[in-house]
Structures are given as structure tokens and as C-alpha cells.
Protein chains: 2
Amino acid sequence: MLINPATLAIVDDHPIVLEGLQKLLTNVKSIQITGCFTSGLAFMSFLKENKVDVLLLDITLPDANGIELCREVKALSPDTHVLALSNHSERSMILQMIQNGATGYLLKNISSEELVACIQEALSGMITFSKGAKEIMARPSISELKGIPQLTKREKEILHLIADGKTTPDIAQQLNLSPLTVETHRKNLIQKFQVRNVAALIKIASQQGLL
Amino acid sequence: MLINPATLAIVDDHPIVLEGLQKLLTNVKSIQITGCFTSGLAFMSFLKENKVDVLLLDITLPDANGIELCREVKALSPDTHVLALSNHSERSMILQMIQNGATGYLLKNISSEELVACIQEALSGMITFSKGAKEIMARPSISELKGIPQLTKREKEILHLIADGKTTPDIAQQLNLSPLTVETHRKNLIQKFQVRNVAALIKIASQQGLL
DNA sequence: TTATTTATACCTGTTTTCAGGTATTTTTGC
DNA sequence: GCAAAAATACCTGAAAACAGGTATAAATAA
């Protein structure tokens, strides 16, 4: 099974973490650490020249935020598996990282065996979470799920059309309704979600998975 | 380890699937099937009277869509672990289910051993995926990640404020800018994302994890 | 240092949205 | 069958957004 060891890079602004991870992973034969960086910019220029199979990425960085960096990495090098390595234990943060192309999410309290196992799983093309992250993901906050207004069929329909950039006259024509009717539905949507305008409406609807 | 077997319910509009799952799970001592339903409505009324530890939920249903049903289930009974069981293999679909409170996602080509393992993992309070689902999750579509316009610091700032429901005058005051300047940024945002109005802008920005 | 991008600001006119209502006809649930 | 909810439609006036420009200072990259 020893063809070529997988290349691994680490981005973390704490040198101590960098040191620790290196020590943990040096005696793993199947993994070769090819670079350690304390800034996103430095890593990106490295990535342009070198192949990286796995990236361990801290989310909080001095120059850029990890979520955007993750997306940039995947856009430049889609085959690089990005594993977020973070203290952030909010469910929404984990979801955002995954949405932006991360192959996994590891909490920093991870054990060394678990770390290696997760890297292996990522290398084999699967999403992976540390135990702690799995537990967080299984516990959706009730507030996220409750307090979601109940929409009628028509309201959902119109919500989607609004989100697609359609204006009231557009929607009225498409659904063969009076523009005044569409306005009423729009107003009810804004009222039900307790927001001020469509911008906030679309944001909340999108975050709650209604679009 | 045999205190009380976990209660499990199944919602799927194909009776054959219902039969098959029942057969697969009857000889598992730690799991007790307490109900099988072919419609979301029927299950919801059952859930009001009975405790359900795990729900195997098909996404495509005649009366409601599984994503919304999942949210309703979690709102009514937060301790019920919902495992999506589906043929849908789109990454976005999986993410939506998770965002709406699902504890896991299983593709229907799952093996019986894997199914039991996933149910056990869900019962122990962790998110879980079938092998196939893990692979899909690890492969973000490139189109999702590329083609994202590059925004300046100011534009990001204003994008967030717009998403929060702030109007141009609001934003101008908050950032000590001329409303006309804010209008320009707003216009540039709409142009960069190639959309018609803020509604579409916020939708796309939200889906790309920029909010 | 020069060229480009970014951030700033302005102008005009049209369209759309939003706030504040009222009101009738269908559905749907009990 | 009756009550409630949903879908329909209307009205007015103010506020905001959008389309279509132009233009200049400051910062940044080549």
C-alpha cells in the first residue's frame, strides 16, 4: 500500500498548533507534510506550484476567513481535500464550511488516532467529521427549526419567484393574477417572517432551507 | 445492553420498501418497529401520541416533501432522529436535509449491515451517512464554487447590511457615506452577480455561503 | 511610476416596493 | 353545514430601488 505518500499541508496562525500537528503526523508513513503556513495568502501561492492532497485548515486566520479560503482552494485545486480544524463548535459554521467545499470538519480536541483516521477517510474520497463534530451536527438548534412561519402553497410559490429576481408585475403575469394580489402575498410573507423588506426575507428563507 | 429497544418508524410511499425494511430490521433486537406510514400526515398524527426514537424518511412523498416534513418532525419532537432514506444523490439535497434537522442521510442502495450501523450511530447522538452519501458530500460541484464574483471589502460589508434588511439611507448613515455611494456599491453588486435585483442577489450570495 | 482598481460622489427619471388599510370568493377543517 | 383559513383583488401615497450614465480621489498592483 506504499505507492506515494499523500501530501498534506497545514494552515494555522498559531505556531504551536503547527508544531504539534507536525509531531503527531511525522511517524505516519502514508502522510507527508509538505508545507506549514500561518497565512492564507502564503498557502495559496504554494498551492499554485505544488500538489496538495489534504489541507488542514484553521478557520480563524489573520488575513482571510477560512470559509472563503476554503472555497478559493477548491476552485484552484478541486482535488485537494480541505479538512477544517477549528475550535468553533457552532452547527452553522460546520454547515457553511461543508457548503463551501470542505471535505470534513474536525474539532481541535481531536485525538491523534482520530485525526489520522479522518485524514485517511478524506483521502479515500469521503466526507468525515470528528466525534465532537458529529455530535454537534446531530443536534440542530430548536430555534433554527421552530419559529419558522407556516406558508401556504401560493406563498411558497411566490417566495420562490421573488428569490429568482422576478418583480411583482412579472409574477402576476406568470401566475395569471392581479399584481395587487401578488403584492398582498408579498406583504404577507414579509409580515410572517417579521422582516422589513425582501432582502431580509430572502436571507432568512434561504438560511432556513426554504429555497 | 437490553434496557428498552429503540422505537423506529418508517415513512415511505412504496409499500415494497416498507416491507423490505421491516424484514431487514425485525431480527435486530435493539430496534422495535412501531409504525409504518405511506404519508407524512399519517405519521405526524402518530407522532403526537407516540415516542419515536428514529424515523426512516423517504424524501419524495405524495402529500408533503420530505424536507419540510423533517423540519416539522423535529419541531414537534426534537429528540426524534430523522434519517433520510432516499434515491436522490444530489449534494444540495443532502445539505438541505441536514440543514432542516436530519440526523443523517442514507442512499437506498445501502446494505442491511450498514443500515443497522447507521441507526445505531444516530441513536448514540451522532450524525451519520451511508458510504454513498459520504462520497457525494466529499465531492462539491465545481460550478458551485467557481464563478463566484470577487467582492471588495466594502462590497461585502454592504452586502451584509442589505441582507440584514437595511435600506440605502440606513447603510449610508451607519457607514458615514453618501447614500449615492451606497447606491453605487449596490449597483455594482447586482452587476457582479449578474442578477436583476436584491432578492436574487441575496439568494445567490446566501447559497454561496457569503452571508 | 504608471496603470488599474477601489471607493467615493453625483444626476435624472422610471419602476418597484412598502405601509396602511378594506373586502370578496373559494377552499379547507371540524 | 359552519367557521376558519387561504386566495383573490383593490386603493393611496411615500419610500426605496433600479437603469443609465459621469467623475474624482485614493489605494494598490505591475
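In what follows, chains are A, B, ... by sequence order, proteins preceding strands, each numbered from 1. Quick caveat, the model's predicted, so the values are computed rather than measured.
Residue B:T181 places none of its side-chain N or O atoms closer than 4.0 Å to OP1 or OP2 of C:dT8. A close approach under 4.0 Å does not occur between any side-chain nitrogen or oxygen of A:R196 and OP1 or OP2 of C:dC18. Applying the 4.0 Å criterion to OP1 and OP2 of C:dT17, one finds that A:T168 has a side-chain N or O inside that range. Taking side-chain N and O atoms only, A:H185 has no distance below 4.0 Å to OP1 or OP2 of D:dA7.
Once rounded to the nearest 0.5 Å, the distance linking CD1 of A:I202 with CG of B:N197 reads 9.0 Å.
Here B:K187 lies in heavy-atom contact (under 4.0 Å) with a base. Within 4.0 Å of B:T167, counting heavy atoms only, lie sugar-phosphate atoms of the nucleic acid but no base atom.
Remark: the A:T184 side chain and the D:dC10 base include a donor-acceptor N/O pair separated by less than 3.5 Å.
The interatomic distance linking B:R186 (CZ) with C:dT8 (P) rounds to 15 Å, in whole Å. Between B:Q191 atom CD and C:dT5 atom C1' there is a gap of 14 Å when expressed in whole angstrom units. Separating the NZ atom of B:K192 from the C1' atom of C:dA7 is a distance of 11 Å, rounded to the nearest angstrom. In this entry the distance linking CZ of A:R154 with P of C:dT26 reads 15 Å, nearest Å. Between the CD atom of A:Q150 and the P atom of D:dA7 there is a distance of 11 Å, rounded to whole Å. Here D:dA9 presents its C1' atom at 10 Å from CG of A:L177, a figure rounded to the nearest Å. Between A:E183 atom CD and C:dT22 atom P there is a gap of 18 Å when expressed in whole angstrom units. Nucleotide C:dT17 holds its P atom 15 Å from the CD1 atom of B:I162, rounded to whole Å.
Residue B:Q194 places its CD atom among 12 or fewer non-hydrogen atoms of other residues, nucleotides or ligands, all under 6.0 Å distant. Counted within 6.0 Å of CD on B:Q32, heavy atoms from surrounding residues, nucleotides or ligands total more than 12; the atom is thus considered enclosed.
The residue among B:T152 and B:L180 whose nearest nucleotide of DNA chain C lies closer to the 5′ end is B:T152.
A salt bridge does not link B:D164 to A:R196: none of the charged side-chain nitrogens sits closer than 4.0 Å to a carboxylate oxygen. At a threshold of 4.0 Å, the pair A:D58-A:K108 counts as salt-bridged, since one of the basic side-chain nitrogens sits closer than that to a carboxylate oxygen.
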